[in-house]
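First the structure, in the form of structure tokens, and then the observations on it.
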Amino acid sequence: MPELPEVETVRRGLEPAMVGTRLIGVDQRRPDLRFPFPENFARRLAGRRVEALGRRAKYLLADLDDAQVLVMHLGMSGSFRIEASARGALPGAIGQAAAKNAAHDHVAFDLSTGARIVYNDPRRFGYMLLIARAELASHPLFKTIGLEPLGNELDGAALAARFAGKTTSLKAALLDQSLIAGLGNIYVCEALHRAGLSPRRAADSLARKDGTPSERAHVLARVIREVLEEAVAAGGSSLRDHRQTNGALGYFQHSFRVYDREGFACQKPGCGGTVKRIVQSGRATFFCGSCQR
DNA sequence: AGCCGATCCTGGATGC
DNA sequence: TGCATCCAGGATCGGC
């Protein structure tokens with residue numbers, strides 16, 4: 001489910017509820033998600049104060065007052081919701097939708113404010129880890145992570161340099177978290193369409209023969225940032241599971257130009273092409289065969 | 001070294 | 001209606 005915009009939406013929702021509060025109790029309802037929870041997970045979190053809530057790539061990072069970081073990944077179907085109090089249920093349709101899914105509520109954090117934050121994940125591809133802050137950067141999960149697209153790292157030159165010598169497709173390279181972080185299937189398809197680049201084009205074609213970045217590289221870097229920022233502003237894309245922490249749906253799915261739009265007309269003015277669906281390394285790719293070259 | 005397919009898991013959509 | 005099949009926003013692993 002969650003690519004960078006969805007994770008960032010969740011972060012912005014959780015931040016005001018969590019930062020500065022203490023974790024009074026942690027209700028861990030099963031031994032594992034994708035991986036086993038850390039040893040004594042609930043006990044190690046109890047009483048800790050949350051100092052900051054950050055994001056790197058698709059990871060949420062809660063800085064704790066004991067120099068540990070609670071690392072959370074939402075996998076394909078993970079979501080957080082905030083309940084106003086430990087006992088209280090949310091009113092109306094949002095509350096009902098949450099209650100219906102309660103079988104997949106795997107962790108709940110009770111905060112010193114009385115709020116409760118619940119992690120729900122039907123497919124259980126998500127996970128939570130505790131890592132010492134000093135060891136975070138050298139941790140296997142983080143030391144190989146690529147460019148952060150919303151930071152200052154991403155520009156055409158950096159992208160072309162990362163992709164230099166890669167014989168794989170642009171689609172596969174953009175999905176590779178060790179090259180550029182945070183993109184998933186949706187935003188790769190959308191960015192390539194906006195850039196007018198074929199997903200089948202070789203990744204190293206972003207650089208000229210002399211190694212300098214081509215115009216394509218600059219355009220692609222710009223539209224990646226653009227589509228991610230627009231999606232964050234829309235609260236992410238809600239296809240199945242993604243919700244904002246207040247239960248509301250994101251609405252960027254209404255702005256898709258190619259993703260899941262096989263057979264529809266290309267929306268680029270004057271193009272006249274049709275959106276196609278192909279499979280690349282086992283995953284659906286949506287693109288316009290006319291204007292993406 | 002680097003790429004591809006299989007795999008973890010559940011639920012929704014589709015087809016017979 | 002029921003059952004089987006396929007597909008899904010991710011990322012790791014083994015095999016080649």
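The figures that follow rest on heavy atoms only: side chains count, while hydrogens, waters and symmetry mates do not. In what follows, chains carry the letters A, B, and so on, assigned in the order in which the sequence lines appear, proteins first and then strands, with residues in each chain numbered from 1. Source: prediction; values computed, not measured.
The pair A:R11-A:E8 counts as a salt bridge, with a side-chain nitrogen and a carboxylate oxygen less than 4.0 angstrom apart. Contact check on A:D65 versus A:R22 returns a salt bridge, with a Lys/Arg side-chain nitrogen under 4.0 Å from an Asp/Glu carboxylate oxygen. A salt bridge does not link A:R261 with A:E190: none of the charged nitrogens is closer than 4.0 Å to a carboxylate oxygen.
Under the 30°/60° scheme for interplanar angles, the aromatic rings of A:H106 and A:H104 are found to stand perpendicular.
Distance, A:D260 CG to B:dA13 C1': 12 Å, rounded to whole Å. Spacing between atom CG of A:L175 and atom P of C:dA11 amounts to 9 Å, rounded to whole angstrom units. Straight-line distance from the CZ atom of A:R283 to the P atom of B:dC3: 16 Å, rounded to whole Å. Atom CG of A:D241 and atom P of B:dG12 are 9 Å apart (whole Å). Across the protein-nucleic acid pair, A:L174 atom CG and C:dG10 atom C1' stand 16 Å apart, rounded to whole Å. Separating the NE2 atom of A:H242 from the P atom of B:dG11 is a distance of 20 Å, rounded to the nearest angstrom. Taking atom CG on A:L141 and atom C1' on C:dA11, their separation rounds to 10 Å, with Å as the unit. Rounded to whole angstrom, the span from the CZ atom of A:R123 across to the P atom of C:dA8 amounts to 10 Å.
Straight-line distance between the P atoms of C:dA11 and B:dA1: roughly 23 Å, to the nearest whole Å. To the nearest whole angstrom, the two C1' atoms, one in C:dC6 and one in B:dA6, are 16 Å apart. To the nearest whole angstrom, the two P atoms, one in B:dT7 and one in C:dT5, are 16 Å apart.
Heavy atoms of A:I145 sit nowhere under 4.0 angstrom from any nucleic acid atom. A:Y187 comes within 4.0 angstrom of nothing in the nucleic acid, heavy atoms only. Contact annotation for A:A172: no contact, since no heavy-atom pair falls under 4.0 Å across all strands.
By the stacking rule of 5.5 Å between ring centres and under 30° between planes, A:F125 does not stack on the base of C:dA11.
Positionally, the nearest nucleotide of DNA chain B for A:R34 lies more toward the 5' end than for the other of A:R34 and A:H104.
Here A:K58 reaches the OP1 or OP2 of C:dA11: one of its side-chain N or O atoms lies under 4.0 Å away. The shortest distance between the side-chain N/O atoms of A:H73 and the OP1/OP2 oxygens of C:dG10 is not below 4.0 Å. Between A:R124 and B:dT10 there is a side-chain N or O to OP1 or OP2 distance below 4.0 Å.
Aromatic pair A:F142/A:Y59: ring centres closer than 6.0 Å.
The side chain of A:R277 lies closest to C:dC7 when the candidates are B:dG2, C:dC7, C:dG10. Comparing B:dG2, C:dG10, B:dC4 against the side chain of A:S281 picks out B:dC4 as the nearest.
In this structure the side chain of A:D241 never reaches within 4.5 angstrom of the side chain of A:S79, judged on heavy atoms.
Across all strands shown, C:dG15 pairs with B:dC3; the Watson-Crick or G-U wobble distances both stay below 3.5 Å.
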